S.K.: 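Here it is, the structure, as structure tokens.
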Amino acid sequence: MIKEVRVRFAPSPTGALHIGGVRTALYNYLFAKKSNGKFLLRIEDTDQTRYVPGAEEYILEALAWLGISPDEGQGIGGPDAPYRQSERKPMYKAYAQQLIDAGFAYYAFDTPEELDAMRERLNKAGVPNPQYNAITRATMKNSLVLPQEEVKQRLDAGDAYVIRIKIPRKEEVRVNDIIRGWVLVHSSSLDDKVLMKSDGMPTYHLANVVDDHLMRITHVIRGEEWLPSAPLHVLLYKYLGWEDTMPEFAHLPLLLKPDGNGKLSKRDADMHGFPVFPLQWQPAGAEKTIGFREEGYLPEALLNFLAFLGWNPGTQQEIFSLTELVEAFTLEKIGKAGAKFDINKANWYNQHYLRGMENSALGAILKTDLEKKGINTSLESAQEIASLLKERITFAKEMVAEGEYFFKSPKEYDAVLSQKWSAEASEVSLAFADKLISIATETSAEEIKHILHEIVENQKLKIGKVLQPIRILITGKPAGPDLMQIIKIIGTNEASERLKKGVEFANRV
RNA sequence: GGUCCUAUCGUCUAGGGGUUAGGACAUCUCCCUUUCACGGAGGAAACAGGGGUUCAAUUCCCCUUAGGACUACCA
């Protein structure tokens, strides 16, 4: 029987989920579903000082909004609960002890001051990268150099200590990455990383290896920033005796800022005026940050966009539903190089998916948006307006501003009006206004068009000469959906009034 | 500085020893339309540089350059 695929998304609850994290979650989800496996959510909250209330709920809500909720994990439950590392605290200690007993780890009693002093001393001596390693540990206060008696004494006395991994002096460590192939690192460039902190909590390194093993994770799919510590993790699997079941690794290319280089940050996003968080986020006492959801991005658009940032199916198809993504996804097709975050493309995807939305859905959105502005319309009318507007917007929320003229007579007229204005336009507008007031309310857009054309023909004019000025008179804007439809919707009386008022204005200027 | 990763149009990318180096976004032109948008047609636009290997390198190897990540008792 083939082992079930199990992957995890393991964010740390230190704030809102970054969009890069969202993509990592998405790839994990896609891979899990493609393989008929499980997608787990584990909360990595071993740093109690960085814990932010609400962050965990935020993560769950964000994944739910996108439709990539985990199968097991924090907030869902499952066979390996608890899924919050702070609640798994006792388990780590046992494995750390196992490592010490086997001689792969040791106690270190150095104070932060002593560590600083060591680094400073080494810096002065010209060592560019001071490390607690095979060489320097000989000069520090740890169970490798201190007399056994003193170690026991300190331990019994409750002295603060950490547990460090004992990195071998000379050993080639190999990591096989699905995306990058073999990565070789010499152990001499690694340092004796802390495994257990003095507060009794494990560090990420120990916790993620222990949990991934206990949770039977088969593939670790995470950001490239973890690649440098992957050799350490490989060593841990080996020292813990779990080499045979060690998960496979896939280190994802980073999401880069749109201009220049470097990891995409919130600052970059703010500068360019787009979100980095899926949902809005408001830390206690701080300012609210808007998210993709509030900005008006559709989940399917964001997902499609994100999926293509670093991955490509190898075909010409660019539009993929979540189900199609699952079907097409493979880790092998993930690229190696970082991808710049181009919000333009995201907008295009959004526009695309928006156009695919039902008028009824769009109409409902427009109706509530209007209500917020104190304007009431019927759902039918909102739907009709939405159908006219949807081809010319990127976000649903733009409908209110774009279609303002459906509800309000224009307060000002676009400057194009004065250029296009003429005695003929004035005459036609007035004649049209007169006609409009005399016809029945249920007159169709087609008939209204016919009436206008008749007037224009009688004057021996071309429609193009007068239509744009008339449009501006009625809507205030030089562009928009079919004018006759607009007139039909706002009503012939209203249109007539707007025309008269507009003509007066235009002739004055 | 050290370790590791990376390098095809402006951007996301396909491709791969011999191709007119393909697509999408953005951009430009034209068509459609009363306008804008949508849609349609077309254009401009790329293999970082230098060495190898080879009959042949954008593709394989090395170096350079550029960029990035990591370098905490943070994840």
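For the numbers below, each heavy atom of this structure counts, side chains included, while hydrogens, waters and symmetry mates do not. Quantities reported herein were computed from a predicted structural model and do not represent experimental measurements.
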S.K.: What's the closest nucleotide to the side chain of A:E391 if the choices are B:C73, B:C38, B:C12?
M.R.: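 Between B:C73, B:C38, B:C12, the one nearest the side chain of A:E391 would be B:C38.
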S.K.: Take the protein atom CG of A:L256 and the nucleotide atom C1' of B:G10, then report the distance between them rounded to whole Å.
M.R.: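 Going from A:L256 (CG) to B:G10 (C1'), I get 15 Å.
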S.K.: For this output row, return yes or no: ring centroids of A:F9 and A:Y27 closer than 6.0 angstrom.
M.R.: no
S.K.: Write down the distance separating the C1' atoms in B:U19 and B:U58, rounded off to the nearest Å.
M.R.: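 Their C1' atoms lie roughly 11 Å apart.
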S.K.: Taking N and O atoms by type only, does the side chain of A:K345 place a donor or acceptor under 3.5 Å from a partner on the base of B:A24?
M.R.: yes
S.K.: Check this for me, if you would: do A:K435 and A:E454 make a salt bridge, where the nitrogen-to-carboxylate-oxygen distance has to be below 4.0 angstrom?
M.R.: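 So A:K435 does not pair with A:E454 through a salt bridge.
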S.K.: What is the distance from CG of A:L254 to P of B:U6, rounded to the nearest Å?
M.R.: 13 Å
S.K.: In whole Å, measure the gap between the P atoms of B:A24 and B:C63 for me.
M.R.: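 After rounding to an integer number of Å, I get 38 Å for this pair.
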S.K.: Just to be sure I understand the rule, does A:L184 reach a base, reach only the sugar-phosphate, or reach nothing, if contact means heavy atoms closer than 4.0 Å?
M.R.: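 Here A:L184 touches the backbone only, sparing every base.
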S.K.: Scan A:R180 against the nucleic acid and name what it touches under 4.0 Å (heavy atoms): base, sugar-phosphate only, or nothing.
M.R.: sugar-phosphate
S.K.: Please tell me whether A:N347 and A:T394 have a donor and an acceptor in their side chains that are separated by less than 3.5 angstrom.
M.R.: no
S.K.: Among residues 51-60 of chain A, which residues get a heavy atom nearer than 4.0 Å to RNA chain B?
M.R.: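 None - not one residue of the stretch has a heavy atom sitting under 4.0 Å from the strand.
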S.K.: Please give, in whole Å, the distance from B:A26 P to A:D259 CG?
M.R.: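 Whole-Å distance recorded here is 19 Å.
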S.K.: Please tell me which of the listed nucleotides, B:G23, B:G2, B:C70, lies nearest to the side chain of A:N129?
M.R.: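 When the side chain of A:N129 is considered, B:G2 is the closest of B:G23, B:G2, B:C70.
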S.K.: With P as the reference atom in both, quote the distance from B:C38 to B:A21 in angstrom, rounded to an integer.
M.R.: 31 Å
S.K.: Return the residues of residues 327-340 of chain A meeting this criterion: a heavy atom under 4.0 Å from some atom of RNA chain B. Order them by number, or give none.
M.R.: A:K333, A:K336, A:A337, A:A339, A:K340
S.K.: Out of A:L256, A:L309, A:V276, which one pairs with A:L264 under the side chain to side chain contact (heavy atoms under 4.5 Å, CB included) rule?
M.R.: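 Only match with A:L264 under side chain to side chain contact (heavy atoms under 4.5 Å, CB included): A:V276.
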S.K.: Using the P atom as the point on both nucleotides, what is the distance between B:A45 and B:G22, in whole Å?
M.R.: 12 Å
S.K.: I need the CD1-C1' distance between A:I165 and B:A72, as an integer number of Å.
M.R.: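 Whole-Å distance recorded here is 16 Å.
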S.K.: Taking only the side-chain heavy atoms of A:Q316 (C-beta and beyond), determine which of B:C73, B:G68, B:G23 contains the nearest atom.
M.R.: B:G23
S.K.: Using Watson-Crick or G-U wobble geometry with both distances below 3.5 Å, tell me the partner of B:C4, or none.
M.R.: B:G68
S.K.: Could you tell me whether the side chains of A:D211 and A:Y92 share a donor-acceptor contact shorter than 3.5 Å?
M.R.: yes
S.K.: Quick one: label A:D110 by what it contacts on the DNA or RNA (base, sugar-phosphate, nothing), any heavy atom closer than 4.0 Å.
M.R.: base
S.K.: Taking a pair as Watson-Crick or G-U wobble with both distances under 3.5 Å, which nucleotide is matched to B:G17?
M.R.: none
S.K.: Return the orientation label for the A:Y58 and A:F277 ring planes: parallel under 30°, perpendicular over 60°, tilted otherwise.
M.R.: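 Perpendicular, since the angle between the ring planes exceeds 60°.
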S.K.: Counting distance only, does the side-chain N/O of A:D268 pair as donor-acceptor with the main-chain N or O of A:S265 below 3.5 Å?
M.R.: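 Yes; judged by distance alone, with no hydrogens or angles, the pair exists.
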S.K.: Hey, does A:T203 reach any base, or is it just sugar-phosphate, or nothing, if we go heavy atoms under 4.0 Å?
M.R.: sugar-phosphate
S.K.: Looking at CG of A:N312 and CD1 of A:I334, how far apart are the two atoms once the value is rounded to the nearest 0.5 Å?
M.R.: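 Answer for the CG-CD1 pair, A:N312 versus A:I334, is 11.5 Å.
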S.K.: Taking only N and O in the side chain of A:T46, is any of them less than 4.0 Å away from OP1 or OP2 of B:A75?
M.R.: yes
S.K.: Between atom CG in A:L255 and atom P in B:U11, what is the gap in whole Å?
M.R.: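 These atoms are roughly 15 Å apart.
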S.K.: Taking 4.0 Å as the cut-off, does a side-chain nitrogen or oxygen of A:R355 come that near to OP1 or OP2 on B:G39?
M.R.: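 It does, given that an N or O in the side chain of A:R355 lies less than 4.0 Å from OP1 or OP2 of B:G39.
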S.K.: Find the distance A:I343:CD1 to B:G10:C1' and express it as a whole number of Å.
M.R.: 17 Å
S.K.: Hey, is A:E224 close enough to A:R180 for a salt bridge, meaning N to O under 4.0 Å?
M.R.: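 Looking at A:R180 together with A:E224, the answer is yes, because their closest N to O distance falls below 4.0 Å.
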S.K.: Could you identify the nucleotide paired to B:A41, looking across every strand shown and requiring Watson-Crick or G-U wobble geometry with both distances under 3.5 Å?
M.R.: B:U29
S.K.: What parts of residues 220-233 of chain A reach RNA chain B, counting only heavy atoms under 4.0 Å away?
M.R.: A:E224, A:E225, A:W226, A:L227, A:P228
S.K.: When rounded to the nearest Å, what value does the distance between P atoms of B:A14 and B:U8 take?
M.R.: 10 Å
S.K.: Report the residue (A:A479 or A:D199) whose heavy-atom-nearest nucleotide on RNA chain B is the more 5′ of the two.
M.R.: A:A479
S.K.: Roughly how far apart, to the nearest Å, are B:C62 and B:U71 at atom C1'?
M.R.: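 Going atom to atom, C1' in each nucleotide, I get 27 Å.
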S.K.: Do we get A:R154 above A:Y107's six-membered ring, with its NZ or CZ under 6.0 Å from the centre and within 45° of the axis?
M.R.: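 So A:R154 doesn't make the cation-pi contact.
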S.K.: Taking any heavy-atom pair under 4.0 Å as a contact, classify A:K193: base, sugar-phosphate, or nothing.
M.R.: nothing
S.K.: Nearest of B:C74, B:C5, B:U35 to any side-chain atom of A:K197?
M.R.: B:C74
S.K.: Quick one: sort the A:Y297 and A:F395 rings into parallel, tilted or perpendicular, breaks at 30° and 60°.
M.R.: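 Plane angle over 60°, so perpendicular.
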S.K.: Between A:K420 and B:U35, is there a contact of a side-chain N or O with OP1 or OP2 at under 4.0 Å?
M.R.: no
S.K.: Measure up the A:F249 and A:Y237 rings against each other and bin them: parallel (under 30°), tilted (30 to 60°), perpendicular (over 60°).
M.R.: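 The arrangement is perpendicular - the two ring planes meet at more than 60°.
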S.K.: Can you see whether A:E424 engages A:Q459 through a side-chain donor-acceptor pair at a distance of less than 3.5 angstrom?
M.R.: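 The answer is no; no qualifying pair exists.
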S.K.: Distance check needed: B:A72 P versus A:Q131 CD, whole Å only.
M.R.: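 Atom-to-atom, A:Q131 to B:A72, this comes out as 8 Å.
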S.K.: With respect to the side chain of A:N312, which nucleotide from B:A75, B:U13, B:C73 is positioned closest?
M.R.: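 For A:N312, the side-chain atoms sit closest to B:U13.
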S.K.: Among the candidates B:C74, B:C73, B:A26, find the nucleotide nearest to the side-chain atoms of A:D47.
M.R.: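 Looking only at side-chain atoms, A:D47 lies closest to B:C74.
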S.K.: Mind checking the C1' distance from B:A26 to B:A57? Whole angstroms is fine.
M.R.: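 Nearest-Å result for B:A26 against B:A57 at atom C1': 32 Å.
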S.K.: Students often get this wrong, so: under 4.0 angstrom with heavy atoms, is A:G262 touching a base, only sugar-phosphate, or nothing?
M.R.: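 Result for A:G262 = sugar-phosphate.
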S.K.: Assign the ring pair A:F320 / A:F308 to parallel, tilted or perpendicular, where the plane angle (0 to 90°) is split at 30° and 60°.
M.R.: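 Geometry flag for A:F308 against A:F320: tilted rings.
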S.K.: When you look at A:R84 and A:E56, which way does the salt bridge (Lys or Arg N to Asp or Glu O under 4.0 Å) test go after all the steps?
M.R.: CA-CA 10 Å; A:R84 207 185 268 135; A:E56 196 180 294; 2.8 Å; yes
S.K.: Nearest-nucleotide wise, let me know which of A:V183 and A:Y204 is further upstream toward the 5' end of RNA chain B.
M.R.: A:V183
S.K.: Atom NE2 of A:H251 to atom C1' of B:A75: distance rounded to whole Å?
M.R.: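 Taking atom C1' of B:A75 as the reference, NE2 of A:H251 is at 13 Å.
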S.K.: What's the gap between B:A48 and B:U59 when it is taken at their C1' atoms, as a whole Å value?
M.R.: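 The same atom, C1', in both gives a distance of 15 Å.
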